[in-house]
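Everything below concerns the one structure shown next.
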Amino acid sequence: MTDDFINHFFKVVAETMKPVLNSWGAGDLAENYTLEPASKRGHGDLATGIALVAASRLKRPPRELAEKLISVMRANNELSNLARYEVTGPGFINFFLNDGALMEAVHDSLALGAGFGSVTPAARSRKILLEYVSANPTGQLHVGHARYAAYGDSLKRIIEFAGYRFCREGPLEAADVTAEFYINDYGSQMNIFGRTLAARYAEALGMPAKFPEDGYRGDYPRHLAALIKEEIGDELAGQVSPSASPSAVDFFKQRGCEIVLTEMRNLLQQFRVRFDSWFSEASLYESGQAAAAIDELKTRKQTFDKEEALWLKTKARGDDKDRVLIRSGGEPTYFASDIAYHSQKLARGFDRLINIWGADHHGYVRRMQAAFAALSHDPDKLEIVIGQLVNLVEQGERKQMSKRAGTMVTLEELLGSIGVDAARFFLVDRSHDSTLDLDLEKAKQKTEENPVYYVQYAHARISSILRRAIAENIPASKPHGDSLERQERELILHILWFPATTAAASTTHSPQRLTAYVRELAASFHVFYHNCPVLKAEPAQAAFRLELCRLTRNVIARSLDLVGVSAPERM
RNA sequence: GCGCCCGUAGCUCAGCUGGAUAGAGCGUUGGACUACGAAUCCAAAGGCCACAGGUUCGAAUCCUGUCGGGCGCGCCA
């Protein structure tokens, strides 16, 4: 897209200051200075502390430098048409944007349509593989998974909209994001799962069965076994009682996994979390890629044998200790297939791999990075984001969430009790590196206080105004002349920061920037609404305010969409 | 013991990657519907930004240490 207003203003100011900055030997500041919203009324609309930064470097008084910068700004007509400026406090330069410029900015932003706040589409965009949730296909998704699902899906939307920064300090670039769910359908957990289902199946047939020692408790495996029983009847009755045959275990493992994945898929779809790809861990063994990765590590002399196991030399690459690839019993570890998986991702042509892992896996980060390096992959291509956990709170007490103990709130229950919009907003609204306490009873009671409704209400309210404008045949048009009310100015300023907000949300991987932003935007609108009549204003003003309303509605709807929340026209 | 995350209003949390007098929601108190949707708005009260140092024009933000909480430190995944 063409530059948004803030970006444009930044560049005009930079160009204007550049000759002076160069003469001071500080030309680099022209690209690196910060322009920010002025925090308090009386400080103008935008502010920069560039003179303060320059002052400490040049050992000269900041106010003197600020005055000098302002004097060249005065000589620039384009800039003077946009704003007036003054030096305050220790040497800040404050910009007071002209009403006319703000009105133009509204018009121009609206004209950008979906491009407002978005990265310029590239002819050939880079490819990102974003992996998240990746739950074992042995049970139900719980609120912990829900948090990563909401976070990961929002991040995908945000990166695709705002772009991604591939190099430190580099620009945001257009990117295609493939969202992938890694299915851990291999290994001992799966065998236990198969044996559990076989036992529950036998029970369902009224036959005696030995429940496996580490079997999966709870009702869910019974539910799966019942479904399978409906499919096959008593066909396998002879193979499961009193204990299951290997082929029966295999069957239950596979069929159970399929059912679980189908249910997960449906549930995630309801949650508006869309995966582009589901990748099976077991397929790495079937295709030989797991073995190939291990061979390659051997060839590169990155492994050694000890106590009948095969180890990878990760300690030399920053890990706390060396790690086992193949157990003394001959079985490969999860780590081994994960290494193959990561190589495989790169082989598929992705420029960047982003993994979202729970905090309970952070100890695994170093070893993965070490393995990555051991294969001479570019370390910058692997980015691991750690998300903190969700704790359950019941009657004020924290409880560990556990499948086995049954203290677990499923995604299904969460959706049933508070709905998709409230759940997504709630889960993404707090920083992903803070632990989240969830009290389901409170969440149910407090659903109506969820800030999502405050925002959606603003959207519905605007929609209502726009509907009436059409019904009453009041045109929206390009503004001319009039000055702006304070509430209009504040609303416009909020809107103009939208592109910077999407950019920041992307570079810092923080969807919560958007929830915070859209909440403030809705607040600005509500204040505007109470002070500035739209339909009942005189025609020229009504026309402009209708444009402002349309722009506000677009930005609210877009912000909500970027975190997977709906923007209803009526509620 | 070591590593990562967190500590901000009574409660739940923001704080734009160093800026001016630290913000919102809930809760409390008091106001505003014969004006486009009161799921809204206005006002008041509420703070040693865990603590101690350091970096600099300037720190809730960066660095070091202490205290408190969470998570991890398997030939589990």
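So you know, we letter chains A, B, ... as the sequences are listed, proteins then strands, and number each from 1.
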* Pick one for B:C67: is it syn, with its angle within 90° of 0, or anti? -> anti
* Within the structure, does a side-chain N or O atom of A:R430 lie under 4.0 Å from either OP1 or OP2 of B:C13? -> yes
* With a 4.0 Å cut-off on heavy atoms, is A:H530 in touch with a base, just the backbone sugar-phosphate, or nothing at all? -> base
* **Aromatic-base stack, A:H361 on B:G72, cutoff 5.5 Å, angle under 30** => no
* To do: Strictly below 4.0 Å, heavy-atom distances to any atom of RNA chain B: list the hits from residues 54-66 of chain A, or just say none.
  => A:S56
* Compare the minimum distances between each of B:C76, B:C41, B:A39 and the side chain of A:M571, then state the nucleotide with the smallest one. => B:A39
* To do: Assign A:G49 to base, sugar-phosphate, or nothing according to its heavy-atom contacts below 4.0 angstrom with the strands shown.
  => base
* To do: Tell me which nucleotide among B:C36, B:A77, B:G19 gets nearest to the side chain of A:V53.
  => B:G19
* Structure fact -> Heavy-atom nearest nucleotide on RNA chain B taken for A:D322 and for A:A47; more 5' hit belongs to A:A47
* Candidates A:L562, A:T502, A:V555, A:I556 - the one meeting side-chain contact (heavy atoms from CB on, under 4.5 Å) with A:Y517 -> A:V555
* Asked: For the side chain of A:Q512, counting heavy atoms from C-beta on, which of B:A14, B:C36, B:A77 is nearest?
  -> B:A14
* Stem ranges for RNA chain B, with three or more consecutive Watson-Crick or G-U pairs under 3.5 Å? -> B:1-7 with B:67-73, B:10-13 with B:23-26, B:28-32 with B:40-44, B:50-54 with B:62-66
* Base, sugar-phosphate, or nothing: which does A:F335 touch, judged by heavy atoms less than 4.0 Å apart? -> nothing
* Asked: Is it the case that A:Q512 and A:H432 place a side-chain donor and acceptor less than 3.5 Å from each other?
  -> no
* Of all the choices, B:C57, B:G72, B:A20, which nucleotide is nearest to the side chain of A:L52 once you look at every atom? -> B:C57
* Is a donor on one side and an acceptor on the other found under 3.5 Å between the side chain of A:T48 and the backbone of A:L35? -> no
* Asked: When we call it a touch if two heavy atoms are under 4.0 Å apart, what does A:Q487 touch: a base, just sugar-phosphate, or nothing?
  -> nothing
* **A:R513 side chain, from C-beta outward: closest of B:C76, B:C16, B:A35** => B:C16
* Ignoring hydrogens and angles, does a donor from either the side chain of A:N94 or the base of B:A20 sit under 3.5 Å from an acceptor on the other? -> yes
* Quick one: which of B:U40, B:A20, B:C71 gets closest to the side chain of A:L389? -> B:C71
* To do: Heavy atoms only: give me the nearest A:R519-A:P451 pair and the separation to one decimal.
  => NH1-CG, 3.4 Å
* Give the nucleotide from the list B:A20, B:A39, B:A77 with an atom nearest to the side chain of A:F92. => B:A20
* Interatomic distance at C1', B:U61 relative to B:G7, whole Å -> 14 Å
* Asked: For B:A38, does either OP1 or OP2 sit under 4.0 Å from a side-chain N or O belonging to A:Y529?
  -> yes
* Would you indicate what A:S431 reaches in the nucleic acid, counting non-hydrogen atoms under 4.0 angstrom: base, sugar-phosphate, or nothing? => sugar-phosphate
* Asked: Base, sugar-phosphate alone, or nothing: which one does A:P451 contact when heavy atoms must sit under 4.0 Å apart?
  -> nothing
* Using a heavy-atom cut-off of under 4.0 Å over every strand shown, decide if A:C549 touches base, sugar-phosphate, or nothing. => nothing
* Under-4.0 Å side-chain N/O to phosphate OP1/OP2 contact, A:Y334 with B:A77 -> no
* Pair of N/O donor and acceptor under 3.5 Å linking B:A14 base with A:T515 side chain -> no
* To do: Verify the contact: side-chain N or O of A:Y454 to OP1 or OP2 of B:C41, cut-off strictly under 4.0 Å; return yes or no.
  => yes
Please write out the pairs of protein N or O atoms and N or O atoms of nucleotides 2-5 of chain B separated by less than 3.5 Å, giving the distance to one decimal.
from: B:G3; atom 1: N2; to: A:H362; atom 2: NE2; distance (Å): 2.1
from: B:G3; atom 1: N3; to: A:H362; atom 2: NE2; distance (Å): 3.4
from: B:C5; atom 1: O2'; to: A:D433; atom 2: O; distance (Å): 2.3

* Say whether A:T138 and A:N136, considering side chains only, have a donor N or O and an acceptor N or O under 3.5 Å apart. => no
* Look at A:R367 and B:C73 and indicate whether a side-chain polar atom (N or O) is within less than 4.0 Å of OP1 or OP2. => no
* Taking the C1' atom of each, how far is B:G69 from B:C42, in whole Å? -> 39 Å
* Remember a base hit wins even if backbone is also touched, and classify A:V527 as base, sugar-phosphate or nothing at under 4.0 Å, heavy atoms. => sugar-phosphate
* Selection from B:G37, B:A14, B:G74 that lies nearest to any side-chain heavy atom of A:A460 -> B:G37
